[in-house]
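Since the structure comes first, as structure tokens, the remarks are kept for the end.
Protein chains get the first letters and strands the later ones, always in sequence-line order, with residue 1 at the start of each.
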Amino acid sequence: MWPHSRADEERRVKEDRAALRIQSWFRGTRLRSYLRHLQRKATIIQKIWRGYIARVYFRKKVKVQCFVMKMNFYNEMAVRIQKRWKGYYVRKYVHNYYARKRYLEGLTKKNEQVRRTMEEFAEMQRNEREHHQVECEEQKTCLQAQRMHFLLSTHQIPGVFNSPYRDFPHEMELQMKSIKPLLVKDIQQKRQAMDPSAPGDTFLKTRPLPPIPSKKPQGPFRDPATVLQQRYRPLEPTLRVATSITDLEEAREELRRGEWRGRIIDHAFQPFSHAHKNKKYERSIHTTSSFERLAYGTVYFREENQEKLRGKKPFKSIFTTCNVFDKFGQLYSNAGKIV
Amino acid sequence: MSQRQVLQVFEQYQKARTQFVQTIAELATRPQNIETLQNAGVLSLLRPLLLDVVPTIQQTAALALGRLANHNDDLAEAVVKGDVLPQLVYSLAEQNRFYKKAAAFVLRAVGKHSPQLAQAVVDCGALDALVACLEEFDPGVKEAAAWALGNIARHNGELSQAVVDAGAVPLLVLCIQEPELALKRIAASALSDVSKHSPELAQTVVDAGAIAHLAQMILNPDTKLKRQVFSALGQISKHSVDLAEMVVEAEVFPAALACLKDPDEYVRKNVTTLIREVAKHTPELSQLIVNAGGVATVIDSVGESQGNVRLPGIMMLGYVAAHSENLAMAVIVSKGVPQLAICLVEESEDHIKAATAWALGQIGRHSPEHARAVAAANVLPRLLRLYTDTESSEDLQLKTKKALKSILQKCTYLPALEPLLHEAPSDILKHVVGQFSKVLPHDSKARRLFVTSGGLKKVQEIKAEPGSLLQENINSINSCYPEEIVRYYSPGYSEILLERVEAYQPT
């Protein structure tokens, strides 16, 4: 048995090793194929996942791109609209060329018109002034003629202005003939009618001062001192004249008003002692209320409220008509009927 | 001695006093006598006569004092120092109307000279007495009192405020409504003096209802009254937009324009001042005046008058044109620019020229169209001459420079710019060259003209610092032309050519 088993033993070791190698190869192969399998699967998963992510990303990007494109488009369109609108608005309301032109044309026309009216107005004023001046001069010559009226030639003697050596008289002569001489009365009136509030500086003008009386006036005149004294004597009326007739009433009124003004409270204080004596009388409710008996029959006797009566119609007498007089004045025969 | 003889002494004394006072009052009317009277100590002699028993002597003494104080401020000061005023103020309340008139005259004569003297009059309590005089029945007294109040209020805002505080304004407004022309005139003048200092004072006058009454008197035939009325309206409206609008609302406008044809130049001046004061506030108010044809009439009146009367009209045109482009165009359309150009030549005083230059600048600064209108009136060379003239004042130079700058920056009318190239100093030249550099690249005809008129040659001769704006502008002009032409017109080109001829060796 020994040698057999030894041979067996020797073979066994060899066989063991061979088996081990076969097993290791097999295991290795299996594991590698498994790993390869796993890798393939992982690649598939990754491929799908990456593809998905990329598609999502792409889609997002396309969306954004699209949005941007659209926005650009809209903006461009909005700019176009705004441009049109702004142009229209400005041309219509802000800087309307035609309106401005029209306005300026209108303005020139208006200016022309104003200039013309101004010219007319100035012309009118000038005419008025000239007219006034002419009138003034006429008045002056008229006054001159009035003053020199005494130089008018008479029937017998020719005046200064009517020289016999000339063919025709001076025009002053004619003017003097046509007017009346100045009367002394008029001159005096004119002198008196000097207005103290005449226009112009009343102080700076040199006005002739009243003459200083040099000596006592001749005649039965009083002494000027006494006259002056008399003149500037203050008025001394009698008491009867100085005071008013209604003085007493006025004084009373004034006193009352003064009291009313000076009073601090309207309800005077009542004295505290003997308070029962100062009790105010209180009226009963019946006499103070507005519901009281009508005074009909005691104060008045006719119905005062005419409205109450107004609704009723006046009486009317109703009679049946009597046919007796219907044919009055008519004849019974048809032949002689009076219409 | 009999009683008569005794009385005769008194009588003689009174006669002598009367004669003295009357003679002094007569003498005081002539300016050549004043110094002699002053040296003779007339004031100390007149002062006791103010307290005389005879009213005539009192009045005449006050009259003489007033005439003396009217002449110069030394005498007025002497009157103040002589302690005469309290006495006058006291008697202003007490005495009869003739004396009141004379006393108010003295106060007026003293108060007119200086703020200090007017303050002295106020300090002695004259205002209350004068205001009381405004309530008097006699128009002469009212007139004198109003005049005195006006003279006091004219100096400064404080004195004016004092007059207002004394309650004078409503009474002055009542005085305007009186039938007497002289009183109306003086009351209007006093209101003008009161309202000229501050918006508040003007508002007080307006609140008293003055505008309506003043506006009614615009067409009054009296010239002096018109002067005062327009002056008052102008002084009221100058302060603020609200006040100006109130004046306009009183329907002053078409009527006031008619007064621009008045023969009296002060009326014209005051009307133009009123228009200017109204127009300067807002474009709307200016537009209103323009639409009423105010600009045309103002331009006409500027043409018809001389000197200082023109000034408000010129300024009014400037203010209107400054508001907006349209209004400036309205001024141009109303033929304002030629008129202003005439003013620029005719006037000799610097401040009027300065105002004209300013107005032209305001007209021309809006757009090329405006600038062209101004330049076509041949104004630019004149403005330049005024600017370079050594005789002109600093203000005029500043104003002309500003005007030139603002017109040139808009001007594209090259024929008007050409002469400036040859004359202008460097600070103006840069604007001129700048305009050329802006226009030439776009206009072939102008490029051609620029060469033939010698402008390009002139431009080459300008010495500009390298890197400056002027140099840049010159370069941009040069870039519009071919290089040979630029070189041909450069200074010293002929020498270079000759050198080349010498250096040339014929083969």
Side-chain angles (χ1 to χ4, degrees), chain A residues 94-97 99-126 128-130 132-133 194-216 222-229 231-232, chain B residues 4 7 10-11 14-15 18-19 22-23 25-26 29-30 54-56 60 63 66-67 70 97-98 101-102 105 108-109 138-140 142-144 147 180-183 185 221-222 224 254 257-258 260-263 290-297 299-301 325-326 329-330 332-335:
Chain A
V94 180
H95 188 86
N96 190 343
Y97 175 75
R100 183 161 175 258
K101 200 172 160 188
R102 220 176 314 125
Y103 171 71
L104 289 176
E105 269 168 17
L107 189 69
T108 37
K109 231 174 263 172
K110 168 91 187 175
N111 281 347
E112 282 299 309
Q113 192 192 334
V114 165
R115 279 188 169 125
R116 215 175 317 122
T117 41
M118 283 289 155
E119 211 53 57
E120 277 166 20
F121 182 71
E123 182 68 35
M124 198 183 74
Q125 273 191 331
R126 208 174 305 130
E128 224 164 67
R129 267 201 307 282
E130 273 166 18
H132 184 72
Q133 214 167 354
M194 195 193 59
D195 187 7
S197 64
D201 191 343
T202 42
F203 292 109
L204 293 176
K205 230 183 280 169
T206 53
R207 201 189 291 162
L209 293 162
I212 301 166
S214 54
K215 55 181 182 180
K216 191 167 178 272
R222 278 193 169 183
D223 191 33
T226 48
V227 170
L228 263 182
Q229 201 186 358
R231 190 168 166 195
Y232 290 108
Chain B
R4 191 179 156 179
L7 284 177
F10 283 93
E11 194 181 307
Q14 184 176 335
K15 262 186 224 161
T18 317
Q19 198 173 8
Q22 287 182 347
T23 324
E26 282 262 285
T29 52
R30 304 195 193 294
V54 186
T56 329
T60 323
L63 187 59
R67 282 178 181 166
N70 206 17
R97 62 196 172 105
F98 298 108
K101 229 162 134 179
F105 172 56
R108 178 189 113 203
D138 183 46
K142 280 195 219 176
E143 184 189 323
W147 205 333
E180 289 82 14
L181 274 179
L183 181 55
R185 197 186 296 156
D222 186 61
K224 286 179 184 164
L257 295 180
L260 281 174
K261 288 284 176 192
D262 206 272
V290 168
N291 289 353
V295 169
T297 39
I299 288 167
D300 282 1
S301 85
E325 194 199 348
N326 251 342
M329 204 64 210
I332 291 171
V333 163
S334 314
K335 296 166 191 151

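Heavy atoms of V295(B) lying under 4.5 Å from chain A are absent altogether. Proximity to chain B is limited to the side chain of L107(A), based on heavy atoms less than 4.5 angstrom apart. If you measure heavy-atom distances from D222(B) to chain A, you find no contacts under 4.5 Å at all. For E112(A), the part sitting under 4.5 Å from any heavy atom of chain B is the side chain, from C-beta outward, and nothing else. Contact annotation for L257(B): both backbone and side-chain heavy atoms come within less than 4.5 Å of a heavy atom of chain A. When heavy atoms are compared at a cutoff of 4.5 Å, R129(A) approaches chain B solely by way of its side chain, counted from C-beta outward.
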One pair to check against side chain to side chain contact (heavy atoms under 4.5 Å, CB included): T117(A) and K261(B). What are the steps and the verdict? CA-CA 11 Å; T117(A) 41; K261(B) 288 284 176 192; over 6 Å; no
I'd like to know whether L104(A) forms a side chain to side chain contact (heavy atoms under 4.5 Å, CB included) with M329(B), so could you lay out the CA-CA distance, the side-chain angles of the two residues, the decisive distance to 0.1 Å, and finally the verdict. CA-CA 8 Å; L104(A) 289 176; M329(B) 204 64 210; 3.4 Å; yes
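Considering only heavy-atom pairs separated by less than 4.5 Å from chain A, the leading option among I332(B), V290(B), L7(B), L183(B) is V290(B). The most heavy-atom pairs under 4.5 Å with chain A, out of A109(B), P221(B), G293(B), come from G293(B). Taking chain B as the reference chain and counting heavy-atom pairs below 4.5 Å, the highest number among V114(A), N111(A), L228(A) is found for N111(A).
The line from CE of M118(A) to CG of L260(B) is 6.5 Å long, rounded to the nearest 0.5 Å. Atoms CZ and OG, on R115(A) and S334(B) in that order, are 6.5 Å from each other to the nearest 0.5 Å.
In terms of heavy atoms, Q125(A) sits closest to P263(B) at OE1-CD, 4.3 Å.
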